[in-house]
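Since this is a predicted model, take the numbers as computed values, not measurements.
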Amino acid sequence: MPDNNERSAYPHPEDFEVMRPEYTELEDGFVQAAIAVAPFRVTGKSSTRPGARRAALYEAQNTYRSYHPRYRVKSPYPDLFTDRQGMLWRRIPPARRAQTGDYSFTDHTGEEDYADIRQMLLWDVRPAA
């Protein structure tokens with residue numbers, strides 16, 4: 001819900017959630033979703049249409065935060081989850097995120113790596129059902 005004490009011309013991120021995205025197939029094989037709440041527009045890029053929509057909604061939150069610094073951007077992912085390919089993802093503590101990224105993941109060979117939320121959205125990482 002929007003905080004009624006903070007008003008601006010920029011729509012609340014929830015306003016973007018109810019709008020239908022326009023999709024564009026990009027030459028690099030990715031999909032871009034554009035969501036408009038006139039006169040504002042956000043875009044997101046991912047390997048799938050649903051991922052592109054989620055990326056655009058995440059960008060709407062980040063843009064809203066630039067107008068309202070007290071707004072907390074919510075991660076589109078749980079703190080700990082296994083994705084559809086069986087990789088384990090863990091959210092990094094806030095103090096370490098600047099150096100490593102938002103999440104660490106462990107692949108099938110046991111190797112650990114890191115990714116930020118935008119990269120995860122680009123890859124269309126999703127928790128297993």
Side-chain angles (χ1 to χ4, degrees):
M1 279 311 246
D3 181 354
N4 291 331
N5 295 325
E6 292 191 26
R7 299 197 189 277
S8 74
Y10 192 80
H12 193 272
E14 291 174 357
D15 296 335
F16 288 94
E17 291 176 15
V18 299
M19 303 303 290
R20 179 175 291 164
E22 291 179 17
Y23 295 104
T24 305
E25 304 286 332
L26 303 174
E27 290 181 14
D28 59 5
F30 288 96
V31 177
Q32 179 175 298
I35 304 172
V37 175
F40 299 97
R41 181 178 175 193
V42 294
T43 61
K45 181 178 172 181
S46 185
S47 59
T48 67
R49 282 182 173 221
R53 180 181 182 277
R54 284 195 305 279
L57 293 174
Y58 183 71
E59 291 307 319
Q61 287 189 64
N62 282 292
T63 303
Y64 188 81
R65 187 173 194 279
S66 71
Y67 287 89
H68 302 287
R70 292 187 304 168
Y71 177 76
R72 294 184 56 130
V73 175
K74 300 173 211 111
S75 172
Y77 299 102
D79 289 345
L80 178 68
F81 69 96
T82 301
D83 70 14
R84 293 175 175 194
Q85 283 71 44
M87 286 193 274
L88 179 64
W89 293 81
R90 281 192 169 89
R91 187 128 194 227
I92 302 292
R96 290 187 37 220
R97 288 182 196 152
Q99 295 96 8
T100 60
D102 297 299
Y103 284 82
S104 69
F105 63 95
T106 306
D107 66 18
H108 300 292
T109 64
E111 291 287 321
E112 184 177 58
D113 205 348
Y114 304 93
D116 64 23
I117 291 172
R118 285 186 172 100
Q119 185 69 45
M120 294 168 69
L121 290 164
L122 182 69
W123 294 336
D124 194 24
V125 171
R126 289 191 238 179

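Closest of all the heavy-atom pairs between Y67 and F40 is OH-CE2, 4.0 Å. Smallest separation of non-hydrogen atoms from A55 and G44: CB-CA, 3.7 Å. R53 approaches A33 most closely through the heavy-atom pair N-CB, 3.7 Å. Summarising the geometry of Y64 relative to P13, their closest heavy-atom pair is CG-CD, 3.5 Å, with the distance given to 0.1 Å. Across all their heavy atoms, V73 and N62 have their closest contact at CG2-OD1, 3.8 Å. Residue V42 comes nearest to A60 through the heavy atom pair CG1-CA, 3.8 Å, listed as atom of the first residue, atom of the second, then distance.
Salt bridge annotation for D116-R97: absent, with no cationic side-chain nitrogen under 4.0 angstrom from a carboxylate oxygen.
Between S66 and Y10 there is no side-chain heavy-atom pair separated by less than 4.5 Å. Contact of the L57 side chain with the R54 side chain is not registered, since no non-hydrogen atoms from C-beta on lie closer than 4.5 Å. D102 places none of its side-chain heavy atoms less than 4.5 Å from the side chain of S75. Between T48 and R126 there is a side-chain heavy-atom pair separated by less than 4.5 Å.
Here the NE2-OH distance, from H12 to Y71, works out to 5.0 Å after rounding to the nearest 0.5 Å. Between atom CE of residue M120 and atom OH of residue Y77 there is a gap of 5.0 Å, rounded to the nearest 0.5 Å. The distance from the OG atom of S46 to the CD atom of Q119 is 10.0 Å, given to the nearest 0.5 Å. Residue L122 holds its CG atom at 7.0 Å from OG of S47, rounded to the nearest 0.5 Å.
Between the side chain of Y58 and the backbone N or O of L121 there is no donor-acceptor pair closer than 3.5 Å. Judged by distance alone, with hydrogens and angles left aside, the side-chain atoms of Q61 form a donor-acceptor pair with the main-chain N or O of K74 at under 3.5 Å.
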Acceptor/donor pairs from residues 78-92 side chains to any protein atom, 3.5 angstrom cut, sequence neighbours excluded:
residue	atom	partner	partner atom	Å
D83	OD1	Q85	N	2.9
D83	OD1	G86	N	3.0
D83	OD1	M87	N	2.9
D83	OD2	W89	NE1	2.9

Show me the donor-acceptor pairs, under 3.5 Å and distance only, between side chains in residues 19-29 and residues at least two apart or in other chains.
residue	atom	partner	partner atom	Å
D28	OD1	F30	N	3.1
D28	OD2	K45	NZ	2.8

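F16 and V31 sit in two unconnected hydrophobic clusters of ILVMFWY residues. Membership requires side-chain heavy atoms under 4.5 Å apart, directly or through other members.
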